[in-house]
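Lettering follows sequence order; numbering is per chain, from 1. Just so you know, these numbers come straight off a predicted model, no measurement behind them.
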Number of protein chains: 2
Amino acid sequence: MSIAVITEQAVTNADKTFLQLRSDIVEGEIPAGGKLSETELSTKYQVSRAVIREAINRLEACHLVERRANVGARVVSLTPDGLIQLYQVREALEGMAARLAAKNMSDEEIADLTALLDNHFQTVKDGNSYYQEAGDLDFHYRIILGSKNQHLIEVLINGIYHLIRMYRVQLGMAGPRVTTAFDEHKHVVQAIANRDEELAEILMRRHILYSKNNIERKLLQS
Amino acid sequence: MSIAVITEQAVTNADKTFLQLRSDIVEGEIPAGGKLSETELSTKYQVSRAVIREAINRLEACHLVERRANVGARVVSLTPDGLIQLYQVREALEGMAARLAAKNMSDEEIADLTALLDNHFQTVKDGNSYYQEAGDLDFHYRIILGSKNQHLIEVLINGIYHLIRMYRVQLGMAGPRVTTAFDEHKHVVQAIANRDEELAEILMRRHILYSKNNIERKLLQS
DNA sequence: GACGACTATATTGTCGACATTCCTCTAATC
DNA sequence: GATTAGAGGAATGTCGACAATATAGTCGTC
């Protein structure tokens with residue numbers, strides 16, 4: 001009952017290649033700014049160029065690669081400012097998601113979310129921070145899905161979250177802040193449970209804003 | 001100096017087909033929910049299926065069509081709730097855009113924006129409402145671009161705005177509200193000119209919320 | 001030695017054909 | 001008559017080859 005799995009089952013060959021490539025990019029096997037040669041990838045994955053092109057198109061759709069006509073596709077290059085901009089969008093969208101979740105989540109979903117947080121709290125109190133990132137992700141995913149807003153879900157889960165993970169991996173940043181994040185999560189859930197849309201949004205925005213500030217500090221250090 | 005043109009120059013053949021198809025969809029020549037047959041379109045536009053597939057992929061990227069593996073692509077179907085959800089996302093993103101614009105627009109850009117609004121006001125005061133929608137678009141585009149946030153710009157201008165226009169055309173809705181919108185625009189610009197980020201966001205969000213409420217009323221009538 | 005035009009090569013864009021999958025219609029059975 | 005199995009057809013998925021374009025390197029000139 002813990003992880004809110006997003007099932008992305010690949011039916012076609014291009015699907016598999018897309019998922020593989022996305023993983024390779026997000027996990028840094030293909031470095032940021034790196035070129036995606038169609039011929040090279042087609043030999044590497046043993047598929048035709050058409051399949052590779054299809055996959056690259058979808059990667060472009062989620063803003064992981066950029067294409068220039070007659071030149072080719074490159075993995076997006078990571079800049080500190082790019083990450084900040086990403087968090088600005090995330091703040092706006094997840095704030096709205098929290099607001100809508102407070103309105104649209106069923107009582108059962110809210111109960112589940114509360115249980116998840118209790119569970120998560122126990123895990124961390126025992127000194128385990130292993131599932132930390134997974135737990136954080138699960139929390140945010142549930143609220144996003146709880147918004148019941150298809151556009152929000154699409155943009156955040158299929159777009160921004162992969163990009164953020166890419167930044168996190170390649171900039172070698174640790175997961176989300178451990179200590180304070182729990183309380184922030186708890187307060188957001190409380191606001192949702194109280195059906196307080198306004199407060200839910202404010203708290204979620206602040207939660208993400210803190211993350212952003214934290215990241216900005218780390219970026220300035222290096 | 002009026003319209004902030006977004007130059008989308010088509011270099012490749014797939015580009016042209018994409019732009020053509022997008023126009024056909026948004027303007028309703030291909031109806032909502034309609035099927036996009038690859039073979040049919042390839043004969044219609046005199047290009048190979050590969051070009052059509054590429055174009056359809058991009059249409060899918062901006063959420064104008066939905067594809068099912070081994071089945072095909074259909075134009076998204078329009079529902080009242082879908083439009084409401086779109087406006088929720090728009091409220092969140094453009095609110096953030098206004099906030100960032102208050103922070104990041106140059107003094108010159110702000111002066112231009114003010115001039116634009118004065119100009120627009122003159123036009124309407126004279127009883128001309130012909131440029132009404134164009135003017136509204138121009139206002140919003142400038143603020144979005146003024147945010148200097150690439151992700152925000154991408155999602156709004158390449159994604160949401162085309163979808164909203166599609167709704168407007170096919171649901172036969174008139175353009176934005178005429179009378180009150182001017183004052184709202186003016187107040188947003190004033191907040192931006194004062195570099196008041198918080199107020200700029202609040203006013204922009206409210207402006208879009210009013211639009212949404214207005215649309216909801218019209219939808220309920222029919 | 002620097003700059004510009006030209007050629008060569010490699011990569012992407014486009015095409016038509018084949019393979020595979022899904023949907024429909026028919027027919028047979030319960 | 002309803003349901004299910006199967007054949008048929010039409011659409012999408014995939015492939016390899018050709019055409020068009022950009023980049024790199026070379027040559028020539030100033």
Side-chain angles (χ1 to χ4, degrees), chain A residues 7-25 29-77 154 158, chain B residues 7-25 29-77 154 158:
Chain A
T7 54
E8 289 178 305
Q9 50 186 358
V11 19
T12 179
N13 224 334
D15 292 342
K16 294 170 200 156
T17 308
F18 163 66
L19 291 177
Q20 178 69 46
L21 268 176
R22 189 180 66 183
S23 169
D24 287 353
I25 290 173
E29 288 194 35
I30 302 175
K35 185 155 171 32
L36 296 177
S37 163
E38 293 181 2
T39 55
E40 186 183 327
L41 291 172
S42 77
T43 60
K44 179 178 175 184
Y45 290 118
Q46 296 292 329
V47 290
S48 82
R49 267 185 58 219
V51 172
I52 298 291
R53 278 177 74 82
E54 176 107 12
I56 289 180
N57 274 328
R58 297 195 209 170
L59 290 170
E60 189 185 15
C62 45
H63 305 273
L64 283 170
V65 316
E66 287 170 343
R67 280 180 69 191
R68 279 174 46 199
N70 290 313
V71 174
R74 305 191 85 87
V75 179
V76 294
S77 47
E154 245 286 310
N158 288 334
Chain B
T7 53
E8 290 178 304
Q9 49 186 359
V11 19
T12 178
N13 224 335
D15 291 343
K16 294 170 200 156
T17 308
F18 163 67
L19 291 178
Q20 178 69 47
L21 268 177
R22 189 179 67 183
S23 169
D24 286 353
I25 290 173
E29 288 195 35
I30 302 176
K35 185 154 173 32
L36 296 176
S37 164
E38 294 181 2
T39 54
E40 186 182 328
L41 291 172
S42 77
T43 60
K44 179 178 175 184
Y45 290 119
Q46 296 291 330
V47 290
S48 82
R49 267 185 58 220
V51 172
I52 298 291
R53 280 177 72 82
E54 175 110 11
I56 289 180
N57 275 329
R58 296 195 209 169
L59 290 171
E60 189 185 15
C62 45
H63 305 272
L64 283 170
V65 315
E66 286 169 344
R67 279 179 68 190
R68 279 175 47 197
N70 288 314
V71 175
R74 306 191 84 87
V75 178
V76 295
S77 47
E154 244 288 309
N158 288 334

Hey, is the side chain of [X] poking within less than 4.0 Å of OP1 or OP2 on [N], counting only N and O atoms?
X: A:Arg53; N: C:dG13; answer: yes
X: B:Thr12; N: C:dT14; answer: yes
X: B:Lys35; N: D:dT12; answer: yes
X: B:Thr39; N: D:dA10; answer: no

Could you go over nucleotides 23-25 of chain D and give all protein N or O partners under 3.5 Å, atom names and distances?
none

For a quick test of reading the model, state the closest non-hydrogen atom pair linking A:Lys35 to A:Gly72 and the distance between them.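 Closest approach of A:Lys35 to A:Gly72, heavy atoms only: NZ-CA, 3.9 Å.
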Which is more 5' along DNA chain C, the nucleotide nearest A:Ala73 or the one nearest A:Val11? Just name the residue.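 Its nucleotide being nearer the 5' end, the pick is A:Ala73.
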Considering only heavy atoms from C-beta outward, does the side chain of A:Ile25 approach that of A:Val76 to under 4.5 Å?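 Not in contact.
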Mind checking side-chain hydrogen bond (donor to acceptor under 3.5 Å, both in side chains) for B:Asp24 and listing every partner two or more places apart, or none if nothing turns up?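 With neighbours one apart ignored, the set is B:Gln20, B:Tyr45.
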Tell me which residues in residues 44-52 of chain B put a heavy atom below 4.0 Å from DNA chain D, sorted by number, or none.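 Here the set is B:Arg49.
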Using heavy atoms and a sub-4.0 Å distance, could you list which residues of residues 54-66 of chain B are near DNA chain D? By number, please.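 Heavy-atom contacts with DNA chain D come from no residue of residues 54-66 of chain B; none.
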Listed nucleotide nearest any side-chain atom of A:Asn70, set D:dT12, D:dT21, C:dT11: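 Minimum distance to the A:Asn70 side chain belongs to D:dT21.
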Under the salt bridge (charged side-chain N to carboxylate O under 4.0 Å, His left out) test, residues paired with A:Arg58 that sit two or more places apart: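 With neighbours one apart ignored, the set is A:Asp15, A:Glu54.
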With sequence neighbours excluded, residues passing salt bridge (charged side-chain N to carboxylate O under 4.0 Å, His left out) with A:Arg74: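 Once residues adjacent in sequence are excluded, A:Arg74 has no partner under the salt bridge (charged side-chain N to carboxylate O under 4.0 Å, His left out) criterion.
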